[in-house]
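Before any comments, here is the structure.
FYI, side chains are in, hydrogens and waters are out, and symmetry mates aren't considered; it's all heavy atoms of this structure. Fair warning: this is a prediction, and the values are worked out from it, not measured in the lab.
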Amino acid sequence: MSTLVIVESPTKARTIRNFLPSTYRVEASMGHVRDLPSSAEEIPEAVKGEKWAQLGVNVEADFEPLYVIPKDKKKIVKELKDALKDATELILATDEDREGESISWHLLQILKPKVPIKRMVFHEITREAIRDALTHCRDIDNRVVQAQETRRILDRLVGYTLSPLLWKKIAWGLSAGRVQSVAVRLLVRRERERRAFRQGSYWDLKAFLEKGKISFDAKLVTVGNVKVANGSDFDENTGQIIAGRRVLLLNEEQARALLSRIQNKPWTVGNIEERPVTRKPSPPFTTSTLQQEANRKLRLGARETMRIAQSLYERGFITYMRTDSVHLSEQAIQAARSCVQELYGSEYLSPQPRKYTTKSKGAQEAHEAIRPAGSTFRTPQQTGLDGIDFRLYDLIWKRTVASQMADSRQTHVTVQTQVEDAGFRSSGKRIDFPGFLRAYVEGSDDPNAALEDQEVILPALKVGDKPNCKDVGAVGHETQPPARYTEASLVKMLESEGVGRPSTYASIIGTIVDRGYAKLIANALVPTFTAFAVTTLLETHFPDLVDTGFTSRMEQTLDEIATGEAKWLPYLQKFYTGETGLATQVKEQESEIDAKVARTVVLENISAKVCIGKYGAYLESESEEGPVKASIPQDLTPADLDPEKVEFLLKQKTEGPEKLGLHPDTGEPIYVLIGSYGPYVQLGDVSDTNKKPKRASLPKGTDKDNVTLDMAVSLLTLPRLLGTHPDTGAKVQANLGMYGPYVVHDQGKVGKDYRSIKPPDDVLTIGLDRALELLSQPKAVRGSKSATPLKELGAHPESGELLNVYDGRYGPYVKHGDINASLAKDESVENFTLQKALDLLAAKEAAGGGKSSSKSKKSTKTAAAKSETATEKTVAKKTTAKKTTTAAKKTTTKKAATATATKKKTT
């Protein structure tokens with residue numbers, strides 16, 4: 001007999017298993033084992049006829065949730081029940097946040113254990129933490145469970161009530177969410193600001209001065225004691241100087257006239273100001289600040305950051321990664337200070353230990369900030385990590401260690417110089433003592449601010465000095481529209497407004513992109529025309545639901561339910577069924593919403609209508625022959641749609657495409673057009689005998705106005721046959737695809753082998769020799785960064801392919817070609833060797849578990865894709881489990897109401 005411990009994931013189970021006595025059996029629930037039905041087929045037959053069944057919540061029965069066990073979890077539940085039969089004790093060791101409490105509660109309801117039950121929580125997976133947690137077990141916190149279930153019900157009510165309305169009025173498949181829709185509105189509002197923006201221009205002078213062989217620059221700031229206008233003096237809505245500003249706006253002619261006037265005139269230092277500045281280190285990471293910094297410094301999305309952090313936590317490298325707290329335990333403070341002492345010296349330690357407190361009222365997820373795990377911190381180099389795992393751990397380690405370091409002391413220097421009646425300013429910075437900057441410099445959403453922490457040394461100057469002017473020139477500037485949100489700045493905005501919880505931001509941003517409300521372009525979140533239409537409808541008819549203040553107050557109430565300060569049932573009743581409740585509003589508003597109006601996006605200065613159709617956004621305009629419709633390219637954003645582009649798209653539809661010339665061989669016309677997926681060239685006209693003329697997309701970044709006839713002829717030769725492969729005799733081609741230019745070794749039924757073409761290689765000029773060189777290089781698997789090996793074993797003696805152990809849905813496995821062989825349940829990854837892997841793979845191949853890597857590439861890709869998908873889903877299970885619109889909630893007390901899985905809520 002043994003103690004059964006249940007956690008969420010196999011990785012977490014393996015790590016914890018190493019720290020528990022041999023009589024403890026650790027199993028994984030694979031995330032949630034129960035949830036509201038996600039489709040009609042999951043609804044039990046006994047309640048399928050009920051009008052509330054599709055909603056999954058019986059509103060009339062005190063918002064009673066209908067919980068079901070999804071198909072893919074039934075086997076797991078059976079395995080857990082079987083494991084419980086041999087146990088004398090059950091320990092629920094899921095994560096310590098709301099989500100983890102919910103999973104434990106649901107496991108309790110399903111398993112119905114007849115043995116003693118304990119709830120074990122910990123914020124790091126180390127031997128000391130696990131042993132300590134065993135001695136401090138508690139009961140399930142029913143108030144936290146109830147708060148989480150209320151969130152789950154609330155999100156289901158919003159999503160399942162508003163989404164069908166969007167399907168009817170705008171387009172099928174759209175969705176609304178309690179936090180999702182607010183986030184989308186923030187993106188849309190920023191894009192509206194960009195459309196309303198009017199650019200202003202101004203000129204100034206920049207000089208390069210020298211004193212004692214040290215050069216420095218100076219910028220024009222005044223003329224005749226009047227401040228020279230800069231970008232901050234402009235009104236974004238007019239492109240003109242803000243009313244009431246007493247500034248001098250220079251145009252190019254005036255700037256060059258001033259330049260001529262001061263040429264060869266003496267420069268004099270008029271004033272020097274030195275100002276000491278002290279900077280303190282930032283607190284250790286919370287979920288939100290980790291997502292922001294990982295996006296700025298590592299260019300990781302919120303989902304990817306949380307997936308990697310989840311893996312680091314479950315393998316014992318960092319503490320729990322879903323937390324609102326900046327607090328560090330005494331143990332962690334001492335560990336950080338020891339690192340500072342050993343690596344940087346005592347002078348870099350803060351005089352007293354720094355203790356950080358969380359300002360957010362809702363901070364209650366976990367009890368400590370995200371930091372390296374353990375009573376001593378391993379340096380990044382000591383972890384054995386590599387790739388993106390190493391880089392994220394390095395970020396966390398540096399931020400934690402820096403939090404206990406001394407302040408940075410700097411001196412900011414401003415020098416005023418005068419030439420004739422023109423005043424110039426030079427700014428310098430001297431770092432007197434780097435302090436925490438030796439370990440960590442916080443990133444910034446402003447790329448220009450990245451230079452902030454570099455010293456700018458000015459020469460030793462005194463008032464009256466006359467520096468030499470090496471060069472001076474006139475510089476033109478244009479004001480820039482408000483920057484689009486990045487994932488980092490959106491997370492920061494949501495948190496500052498109190499919208500949602502940081503633990504849910506990764507899944508919210510992922511949903512926004514996945515559902516087509518925004519595109520991620522150059523790290524910026526760009527809202528689509530669909531986002532404009534949905535936001536306008538919600539703002540007009542359900543303004544509270546997209547108001548940041550209203551949503552923030554909802555979060556506060558949900559937090560109060562968790563602490564017992566508020567009651568869940570009255571709140572749900574008021575929100576949904578009250579006089580101004582959501583259900584009432586939808587009934588009243590549905591008939592008032594004109595679908596044609598809802599599908600139309602109104603944009604200033606655009607004469608044509610922008611409409612949302614089945615296949616995306618399109619333009620509609622009236623002409624003498626009737627209405628004209630033209631598709632809007634998918635990469636064209638609302639902020640960038642101007643009258644010129646509208647005119648071109650409509651003209652292309654009415655007058656036909658722009659003709660470049662005639663093909664030199666066939667005499668057919670060649671056109672350049674813009675379609676749904678961007679610009680392309682076309683050979684010949686569409687006719688009854690030529691319904692699909694040959695077409696070729698323009699290379700990414702190529703402007704249609706720069707396309708020449710020669711370039712178009714070359715593009716229309718694609719795919720180019722480069723020759724045959726010397727080993728197989730199969731053809732080798734170069735072509736353009738969805739992901740850019742590539743070469744392919746086409747072996748017909750055997751399969752195709754692709755490699756991307758990167759600059760300076762060109763798809764139009766690359767030859768066979770270079771293509772063969774590319775094809776001989778190891779293939780970079782798309783998404784391989786999400787399949788970080790748990791252990792590298794070495795090269796296969798026959799194929800030379802590297803063998804690694806990976807983390808899969810059903811535990812660790814080793815991969816060779818298209819053969820995936822799972823490790824035995826009791827096999828330790830740490831003790832797994834290359835020889836064991838070879839034996840395991842040979843046994844799997846003998847049993848028909850896969851084909852050798854020299855056979856069908858197609859089956860290899862299929863197997864690999866399945867493996868990667870399984871791995872990705874498992875890792876992402878908890879990382880993205882916090883979705884505001886999909887995460888399962890909890891309840892306090894339940895009793896059986898029917899023979900089905902339906903539970904009745906009692907208070």
Margin query: salt bridge (charged side-chain N to carboxylate O under 4.0 Å, His left out), that's the test. Do Arg194 and Glu604 meet it? Break it down for me.
Written below: CA-CA 12 Å; Arg194 288 175 63 87; Glu604 293 180 6; over 6 Å; no
In short, Lys211 meets Pro467 closest at the heavy-atom pair CB-CB, 4.5 Å
Heavy-atom closest pair (Ala369 atom, Phe285 atom, distance to 0.1 Å) is CB-O, 3.4 Å
_Under the criterion ring pair (Phe, Tyr, Trp, His ring centres under 6.0 Å), I'd like the reasoning laid out for Tyr202 against Phe234: C-alpha separation, chi angles, the key distance, then a yes or no._
CA-CA 10 Å; Tyr202 61 98; Phe234 284 81; 5.7 Å; yes
Using a 6.0 Å cut-off, check whether atom CZ of Arg195 has over 12 heavy atoms from anything other than its own residue. yes
Check your understanding: Side-chain contact, heavy-atom cut-off 4.5 Å: Thr417 with Leu209?
Key -> yes
(request) Assess whether atom CD of Gln352 is packed by more than 12 heavy atoms of other residues, nucleotides or ligands within 6.0 Å. (result) no
Notebook entry, point to check: Could Asp217 and Lys470 be called an ion pair, given the rule that one side-chain N must be under 4.0 Å from one carboxylate O?
Noted result: no
| Val491 and Thr486, any side-chain heavy atoms less than 4.5 Å apart | no
Could you tell me if Thr411 and Asp432 have a donor-acceptor pair between their side chains, going purely by distance under 3.5 Å? yes
*Can you find a heavy atom in the side chain of Leu290 that is under 4.5 Å from one in the side chain of Thr305?*
yes
Any chance the side chains of Thr708 and Asp710 put a donor and an acceptor closer than 3.5 Å?
-> no
Would you check if there is a donor-acceptor pair between the side chains of Thr222 and Arg425 at a distance under 3.5 Å?
no
Open item on the list: Quick check: do Tyr485 and Leu186 have side-chain heavy atoms less than 4.5 Å from each other?
Closed with: yes
Separation between OH (Tyr618) and OG (Ser631), nearest 0.5 Å, reads 9.5 Å
Evaluation steps, side-chain contact (heavy atoms from CB on, under 4.5 Å), between Leu461 and Val413:
CA-CA 11 Å; Leu461 294 166; Val413 183; over 6 Å; no
Any chance you could lay out the salt bridge (charged side-chain N to carboxylate O under 4.0 Å, His left out) test for Lys645 and Asp640, step after step, and finish with the verdict? CA-CA 9 Å; Lys645 292 185 178 71; Asp640 298 325; over 6 Å; no
Taken in chain and number order and not counting sequence neighbours, the residues that satisfy side chain to side chain contact (heavy atoms under 4.5 Å, CB included) with Ala406 are Phe433
Requested in this report: Could you please spell out the steps behind the side-chain contact (heavy atoms from CB on, under 4.5 Å) verdict for Tyr671 and Val681?
Outcome: CA-CA 5 Å; Tyr671 303 104; Val681 292; over 6 Å; no
Dump the intermediate steps for side chain to side chain donor-acceptor pair (under 3.5 Å) on Thr535 and Arg192, then the final yes or no. CA-CA 12 Å; Thr535 297; Arg192 287 171 179 162; 5.8 Å; no
Review point. So, the side chain of Ser552 versus the backbone of Glu497: is there a donor-acceptor pair under 3.5 Å, distance only?
Key: yes
Going by an N to O cut-off under 4.0 Å, is there a salt bridge joining Arg279 and Asp407? no
Task: Heavy-atom check, side chain of Trp203 versus side chain of Gln254, under 4.5 Å - done: no
d(Cys339 SG, Leu349 CG) to nearest 0.5 Å is 10.5 Å
Got a sec: does the CD of Gln341 have more than 12 other heavy atoms crowding it under 6.0 Å?
yes
Here the gap from Ser621 atom OG to Ile606 atom CD1, rounded to the nearest 0.5 Å, amounts to 11.5 Å
Here the pair of heavy atoms bringing Ala302 nearest to Ile509 is CB-CD1, 4.3 Å
Query raised in the report: Are a donor atom and an acceptor atom from the side chains of Gln291 and Thr289 found within less than 3.5 Å of each other?
Result: no
Gln263, CD atom: more than 12 neighbouring heavy atoms under 6.0 Å: yes
- Given the rule in the side chain to side chain donor-acceptor pair (under 3.5 Å) test, do Asn295 and Asn523 qualify, once you have shown the distances and angles that lead to the verdict? CA-CA 8 Å; Asn295 184 252; Asn523 205 41; 3.3 Å; yes
query: Would you call Arg198 and Glu236 a salt bridge, taking side-chain N to carboxylate O under 4.0 Å as the test?
result: no
task: Check whether NZ of the Lys or CZ of the Arg Arg438 lies under 6.0 Å from the centre of the six-membered ring of Tyr348 and within 45 degrees of that ring's axis.
output: yes
For Ser403 and Ser282 the tightest heavy-atom approach is CB-O, 3.8 Å
| query | More than 12 foreign heavy atoms under 6.0 Å from CD of Gln381: is that the case here? | reply | yes
Would you tell me whether Gln199 and Thr479 have side-chain atoms, one donor and one acceptor, within less than 3.5 Å of each other? no
Margin query: Please tell me whether Asp204 and Asn230 have a donor and an acceptor in their side chains that are separated by less than 3.5 angstrom.
Written below: no
Is atom CG of Asn706 surrounded by more than 12 heavy atoms (other residues, nucleotides or ligands) closer than 6.0 Å? yes
Exercise. When you look at NZ of Lys227, are more than 12 heavy atoms from neighbouring residues, nucleotides or ligands closer to it than 6.0 Å?
Worked result: yes
Scanning both residues in full, the closest heavy-atom pair of Val184 with Tyr517 reads CG2-CB, 4.0 Å
Q. With a cut-off of under 6.0 Å to the ring centre and 45° to the axis, is Lys219 in cation-pi contact with Phe208?
A. no
Nearest heavy-atom contact between Leu715 and Pro699 is CD2-CD, 3.9 Å
Open item on the list: For a 4.5 angstrom cut-off between non-hydrogen side-chain atoms, does Tyr505 reach Leu490?
Closed with: no
Q. Can you find a heavy atom in the side chain of Thr286 that is under 4.5 Å from one in the side chain of Ile370?
A. no
_Salt-bridge criterion met for Lys462 and Asp465 (N-O under 4.0 Å)_ = yes
Should the pair Arg430-Glu455 be classified as a salt bridge under the 4.0 Å nitrogen-to-oxygen rule?
-> no
Legend entry - Criterion salt bridge (charged side-chain N to carboxylate O under 4.0 Å, His left out) on Arg245 and Asp233, from CA distance to verdict: CA-CA 7 Å; Arg245 290 280 173 97; Asp233 296 310; 2.9 Å; yes
The complete set of salt bridge (charged side-chain N to carboxylate O under 4.0 Å, His left out) pairs with one or both residues in residues 254-267, sequence neighbours excluded, reads Glu252-Arg256, Arg261-Asp421
### Query
Around atom NZ of Lys519, are there more than 12 heavy atoms of other residues, nucleotides or ligands at under 6.0 Å?
yes
Heavy-atom distance under 4.5 Å between the side chains of Glu193 and Phe197, does that happen here? no
